[in-house]
Amino acid sequence: MTIRTRFAPSPTGYMHIGNLRTALYEYLIAKSEPDGKFLLRIEDTDQKRYVEGATEIIYSTLKRVGMNWDEGPDIGGNYGPYVQSERKPLYAEYAHKLVELGGAHYCFCAKQEADEEKDEEQNMKFEDPCKRLSLDEAKKRVAAGEPYVIRQTINKKGKSKYHDEVYGDIEIDYDELDEGVLLKSDGFPTYNFANVVDDHLMAITHVVRGNEYISSTPKYNLIYEAFGWTPPHYVHVPPVMKDAQHKLSKRNGDASFQDLVAKGYLPEAIINYIALLGWNPGTEEEIFSLEELKQKFSIERLNRSPAIFDIVKLTWMNGQYIRKLDAESFFACAEPYIRQVVSRNDVNIKMLAHVLQPRIETFGDIPTQIDFIEQIGEYSNDLYINKKMKTDVAVSRQSLEYALNRLETIAAWDNETLFAELKALAEEKGLKNGQIMYPVRIALSGKETTPGGATELAVILGKNETLSRLKAALQKLA
RNA sequence: GGUCCCAUCGUCUAAAGGUUAGGACACCACCCUUUCACGGUGGUAAUAUGGGUUCGAAUCCCGUUGGGAUCACCA
């Protein structure tokens, strides 16, 4: 039997990290097998929560990280349609059938408010009076046009039992299960029902979802049982947390996939990082491409405890990915960020990108690192005093003069030449390298720390700008 | 509250009865070095707790504590 998994988000907004990780695991489980199929199904049965454009975000996110689906709303497949609102008649049909099979009943009760108030003290279970109605009588009322819902009927006693691929054997008393609504009065199914019907009809073999469904899974099994269907393998996964107490959630303003991308994180790094939040390969490697994850992933190595999302480690990992980029790719990614603060075109931005690559962990780090390029800011002459470099104001003034004279004579404006020349200059004058390099770097940047050294900055700024900044510095020191 | 689930460095995790409890991030130190980074080397740091079982427990069992989930015409 070939594996078929599904990612079934509801289009309620942005793609958050926990969701994306679930999709990843679903994708990897399917793709760990050559013929495995990963499908996309949109669960839009709650019209109140529908958000315009949310589906597009789902598509673009999945595409961006390379998790291509084999069947889905946009590309079709043999088990469509893949949008639940388009399957509406199907659910009603199956719901009525389930009533006939004794797995559900018509219910005419007024909507139960989601208030906390009810039965808090007595903790009594809701006992549906409509359950006692005879089927004939109920059908008459339905035929008469009375509003109704179809509610699950649970008469079993004792303990329900099922196996979860991650949590092992789960036992829950049937008395704990409540008879939830399966088909709403608007004719739409609830998740509890649509989910079962669709997973069966779409021949899903592995259901992967958050562990908050662990305790309601027996209810779904009852439905499978009533229809005579075989339940899928269950893979419940622990949540991704913001801290020890709270799940990561868009509501709290926690970073979504697109937020991270906007901040300059690479999709590959995000995927790599979240794969490791609840799973490990059993080796000490931790940098994996999606392709490698497909090879190494196994359900057995999934964790049972929640994992806290650590942006610091993701940031480190993103730095690893940035460093591995070839020069052209890095430049393509970095350029927009460089252009946020550098508009002049006499700046060698290729060289700028070159010095930036080992120095940033996210592309968002770029603007603050290069704020002196466009225009040098105000700075104090105290910057020229550096004990380790053995420079002070007097030494610096002298060195800058030497450097200016030497640089004016140089035509080949590349780092190797410039570095060799200034190094030779230091030797000639009986100075340490740093006594030349340090003041030059300060004169060019006005900053204590810069991406790149003196000669690299000179290359980035170009000969004209370099000479003019040196002259300005000399004047400032006079 | 009932029920279910979870518990190893601050964080992500390894160790499926016998390890000096390993790795990674972060942090600290040193090395490299035209500053800062990158890179390299080393260091600090954990089995929540009490009982069992066993020659031997992070690992198995029970209790405690702590945390989470769930009890909607949301998914």
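Throughout, protein chains are lettered first and strands after them, A, B, ... in sequence-line order, and every chain is numbered starting at 1. Hydrogens, waters and symmetry mates play no part in the numbers below; they use all other heavy atoms, side chains included.
Across all strands, A/A454 comes closer than 4.0 Å to base atoms (heavy-atom distances). Using a 4.0 Å heavy-atom criterion, one finds that A/M317 contacts no nucleic acid atom at all. When heavy atoms are screened at a 4.0 angstrom cut-off, A/R441 is found touching base atoms of the nucleic acid. Across all strands shown, A/R209 has no heavy atoms under 4.0 Å from either base or sugar-phosphate atoms. Using a 4.0 Å heavy-atom cutoff across all strands shown, A/D173 reaches no nucleic acid atom at all. Residue-level contact check: A/Q357 touches neither bases nor backbone, having no heavy atom under 4.0 Å from any strand. Contacts of A/N415 with the nucleic acid, taken as non-hydrogen atoms under 4.0 Å apart, include base atoms. If you check every strand for non-hydrogen atoms under 4.0 Å, A/S305 touches sugar and phosphate atoms only. Using a 4.0 Å heavy-atom distance criterion, A/G282 is classed as making no nucleic acid contact.
Closest to the side chain of A/A307, from the set B/U34, B/A7, B/C12, is B/C12. Residue A/D46 places its side chain closer to B/A75 than to any other of B/A14, B/A75, B/C4. Comparing B/C73, B/U34, B/A7 against the side chain of A/R304 picks out B/A7 as the nearest. Side chain of A/V149, nearest nucleotide from B/G2, B/C73, B/A14: B/C73. With B/U3, B/C73, B/U35 as the candidates, the nucleotide lying closest to the side chain of A/T450 is B/U35. Nearest to the side-chain atoms of A/N192 among the listed nucleotides B/U70, B/A14, B/A75 stands B/A75. Checking B/C6, B/G39, B/U34 against the side-chain heavy atoms of A/F419 singles out B/U34 as nearest. In this structure, the nucleotide among B/A7, B/U35, B/C74 sitting nearest to the side chain of A/T190 is B/C74.
An OP1 or OP2 oxygen of B/A72 is reached within less than 4.0 angstrom by no side-chain nitrogen or oxygen of A/R151. Note on A/T283: every side-chain N or O is 4.0 Å or more away from OP1 and OP2 of B/A14.
Checked against the 6.0 Å centroid threshold, A/Y321 and A/Y265 do not count as a close aromatic pair.
Between the P atom of B/U34 and the CG atom of A/L400 lies a distance of 18 Å, rounded to the nearest Å. Put simply, NZ on A/K447 is 18 Å from C1' on B/U34, counting in whole angstrom units. The interatomic distance linking A/F372 (CZ) with B/U35 (P) rounds to 15 Å, in whole Å. Between A/F288 atom CZ and B/C12 atom C1' there is a gap of 13 Å when expressed in whole angstrom units.
Salt bridge annotation for A/E465-A/R469: present, with a cationic side-chain nitrogen under 4.0 angstrom from a carboxylate oxygen. The pair A/D365-A/R359 fails the salt-bridge criterion, with no side-chain N (NZ, NE, NH1 or NH2) lying under 4.0 Å from an Asp/Glu carboxylate O.
Defined by atom type and a distance below 3.5 Å, a donor-acceptor pair is missing between the side-chain atoms of A/Y191 and A/Y220. For the residue pair A/N221 / A/Y234, a side-chain donor-acceptor distance below 3.5 Å is found, with atom types taken as modelled. Side chains of A/N211 and A/Y167: a donor-acceptor N/O pair is present below 3.5 angstrom, by distance only. Counted by atom type alone, A/Y91 and A/D198 present one or more donor-acceptor pairs between their side chains at under 3.5 Å.
Comparing B/U59 with B/U49, their P atoms sit 11 Å apart, to the nearest whole Å. With both ends at atom P, the span from B/G67 to B/C30 equals 42 Å, rounded to whole Å.
No hydrogens or angles were tested; on distance alone, a donor-acceptor pair under 3.5 Å links the side chain of A/S185 to the base of B/C73. Below the 3.5 angstrom threshold, one finds no donor paired with an acceptor across the side chain of A/Y213 and the base of B/A69. Side-chain atoms of A/R359 come within donor-acceptor range of the base of B/U35, with a qualifying N/O pair under 3.5 Å. Counting atom types as modelled, A/S216 pairs no side-chain N or O with a base atom of B/U70 as donor and acceptor under 3.5 Å.
Using bins of under 30°, 30° to 60° and over 60° for the plane-to-plane angle, the ring pair A/Y337/A/F363 lands in the parallel bin.
Pairs engaging residues 302-331 of chain A under the salt bridge (Lys or Arg N to Asp or Glu O under 4.0 Å) rule: A/E286-A/K313 [sequence neighbours left out].
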- Message: I need a per-nucleotide contact map over nucleotides 20-26 of chain B, read 5' to 3'. Cutoff is protein heavy atoms under 4.0 Å; write B for the base, S for backbone only, - otherwise.
- Response: --SSBSS
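Within residues 422-433 of chain A, no residue has a heavy atom under 4.0 Å from RNA chain B.
In this structure, CG in A/N381 is found 4.5 Å from CG in A/L477, a value given to the nearest 0.5 Å.
Sparse packing is recorded around CD of A/E448, with 12 or fewer heavy atoms of other residues, nucleotides or ligands lying under 6.0 Å away.
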